[in-house]
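Read the structure below first, then the notes.
Every chain is numbered from 1, with letters handed out A, B, ... down the list of sequences.
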2 protein chains.
Amino acid sequence: MAKVVIMAGEEQDTEAKIKRAAEQVFLEYGYEGAKIRQIADAAGVNIALVNYYFRSKEQLFKSIYMENFRAFFGRIVMMLNEETPLEVKIWKIVDRYTDFILDNPLIPIFILAENRKGSDVFFKELHVREVIKSAYFTKQLQEEVSKGNIRPIKPLHLIMTIVGNIVFPILARPIVSYVGDFDSDGFRQFMEERKKIVPEMIMAYLRPV
Amino acid sequence: MAKVVIMAGEEQDTEAKIKRAAEQVFLEYGYEGAKIRQIADAAGVNIALVNYYFRSKEQLFKSIYMENFRAFFGRIVMMLNEETPLEVKIWKIVDRYTDFILDNPLIPIFILAENRKGSDVFFKELHVREVIKSAYFTKQLQEEVSKGNIRPIKPLHLIMTIVGNIVFPILARPIVSYVGDFDSDGFRQFMEERKKIVPEMIMAYLRPV
DNA sequence: GTCTATAGAGCGATAGAC
DNA sequence: GTCTATCGCTCTATAGAC
């Protein structure tokens, strides 16, 4: 029987400590830019120990990529499928997703940059397609259309519009901050403004003519 | 006097050949992922020759980054400042910028990923801020607002909305194609649909209530 | 201007002691 | 489980011949 001691807070087991350090380093520098030595230093351990727990850089990376992919896309899919009236839902998603991205601004570029290779597309393992196609959100949209409440739109267009409008300014943050002459608060304020603009724009489009 | 021979087409001088190869490799793999050996191979020359012309990997990279930054953001700023009525302009920009991004799909992730470091922000050299602030587009927006033709909006919000709606699906292309079950044509078709949706959505928002 | 050869540093990974 | 030491490889950059 393994003896597991839960400490008051500060302490963690070594594996978790390495993973947390790796996440921070990978998010900031990407796969190629991150070095195992740097991860080991950040975790306060040795290179050998990183490989002891995770066998290789690639395997360590993959586990962190999967977690963040799920946080990034899984979160929005989950919110889309809540059983809330459409307009309320759109306002709520934009609000909460903006907050999430502001709190985790490195996730989008991390996910999208590593995805460039497109190689294995191991997000298939996460069943994103099935979740979207069979989802409550898709049915909800169809119903609203057939009731004549909104004009027809493919779910994927709506999702791209919501996510793109929130995420793109974060991706381009250095440029946006420079052009708008924003400090950290100024940029946050800019994003707060978008919480109102984006849902209003979507609803203005959806309302039937 | 240097003797310059312009060939029928196929041939180029070595410097241009290296630069073209470097652009292709950097765009696909990013700064860290690209290797000088690979660039030299793609150009059909030797590593030593790459350094002979460009002194270092970083300097070669920077010249390519600047060119693509200008293509990516400069293009939209230029289009924004054409003296065309606002609504026509928005339709035209979305149409042409979508085509540009479809023809050069690697540019956005290349620019945004390398910008992550934010470090030197050497796009300052391109005077993006000044161009936007003193621009015809800004004045045009103000005029339309004071005429009561549109509701008030900051230029930067409008720009982010246009660019984000076009660029984000390209950045997320592997995921979009997987979820939507698109082949290459299917994805292009999806982007063609956005050429209509995005301007309509923006105009629906801008029209005064 | 273009090549070969190599210097010199940093990388990921592992063997082996404790 | 955790460390030190080191192997073998690949990287960028340059020296020097042609």
Side-chain angles (χ1 to χ4, degrees), chain A residues 1-7 10-66 110 113-114 116-117 119-120, chain B residues 1-7 10-65 110 113-114 117 119-120:
Chain A
M1 256 248 231
K3 190 179 166 194
V4 180
V5 181
I6 310 288
M7 300 295 275
E10 188 113 336
E11 268 304 336
Q12 318 180 39
D13 67 273
T14 309
E15 185 171 349
K17 211 165 53 182
I18 293 171
K19 202 160 181 178
R20 209 165 36 94
E23 179 160 38
Q24 175 214 312
V25 175
F26 276 134
L27 276 168
E28 184 164 356
Y29 298 100
Y31 180 77
E32 312 275 3
K35 312 297 171 191
I36 290 206
R37 277 176 171 76
Q38 198 183 356
I39 292 171
D41 286 354
V45 300
N46 225 284
I47 305 176
L49 210 52
V50 177
N51 281 306
Y52 170 77
Y53 279 107
F54 295 96
R55 258 189 65 85
S56 73
K57 180 184 178 182
E58 190 166 350
Q59 192 168 307
L60 175 55
F61 174 79
K62 188 167 171 176
S63 81
I64 284 163
Y65 183 87
M66 294 288 273
F110 171 72
E114 302 306 335
R116 158 155 55 172
K117 304 136 194 160
S119 53
D120 333 76
Chain B
M1 255 248 236
K3 191 178 163 192
V4 180
V5 181
I6 310 289
M7 299 296 274
E10 188 114 335
E11 268 303 336
Q12 317 181 42
D13 67 89
T14 309
E15 185 171 348
K17 209 165 54 182
I18 293 170
K19 202 160 180 179
R20 210 166 34 94
E23 178 161 38
Q24 174 215 312
V25 175
F26 276 134
L27 276 168
E28 185 165 356
Y29 298 100
Y31 180 78
E32 312 275 4
K35 310 298 172 192
I36 290 205
R37 274 176 172 79
Q38 200 182 357
I39 292 170
D41 287 354
V45 300
N46 225 284
I47 304 178
L49 210 52
V50 177
N51 281 305
Y52 170 77
Y53 279 107
F54 295 96
R55 260 189 61 86
S56 73
K57 180 184 179 183
E58 190 167 351
Q59 192 168 307
L60 175 55
F61 174 79
K62 187 168 171 173
S63 81
I64 284 164
Y65 183 85
F110 171 71
E114 303 305 336
K117 303 138 197 159
S119 53
D120 333 76

Whole angstrom value for the distance that separates P of D/dT10 from NZ of A/K35: 15 Å
Student check: side-chain heavy atoms of A/Y29 and B/E32 closer than 4.5 Å: no
Rounded interatomic separation in angstrom, taking CG from A/D41 and P from C/dG10: 13 Å
Distance in angstrom units between B/N46 CG and D/dA13 P, rounded: 15 Å
Whole-Å distance separating the CD atom of B/E32 from the C1' atom of C/dG10: 13 Å
All N/O contacts under 3.5 Å from nucleotides 13-18 of chain C to the protein, with atom names and distances to one decimal?
from: C/dA13; atom 1: OP2; to: A/K57; atom 2: N; distance (Å): 2.9

Touch class at under 4.0 angstrom, heavy-atom based, for A/A40 against every strand present: nothing
4.5 Å side-chain heavy-atom contact, A/I64 and A/L27: no
Atom pair CD1 (A/I39) and CG (A/L49), whose distance is rounded to the nearest 0.5 Å: 13.0 Å
Interatomic distance where NZ belongs to B/K17 and C1' belongs to C/dT2 [whole Å]: 11 Å
B/F26 and B/F61 aromatic centres sub-6.0 Å: yes
Distance, rounded to the nearest Å, where B/I39 contributes CD1 and D/dT12 contributes P: 8 Å
Separation of B/K57 NZ from B/I47 CD1 (nearest 0.5 Å): 11.5 Å
Minimum heavy-atom distance A/R116-B/F110, with the two atoms named: NH1-CA, 3.8 Å
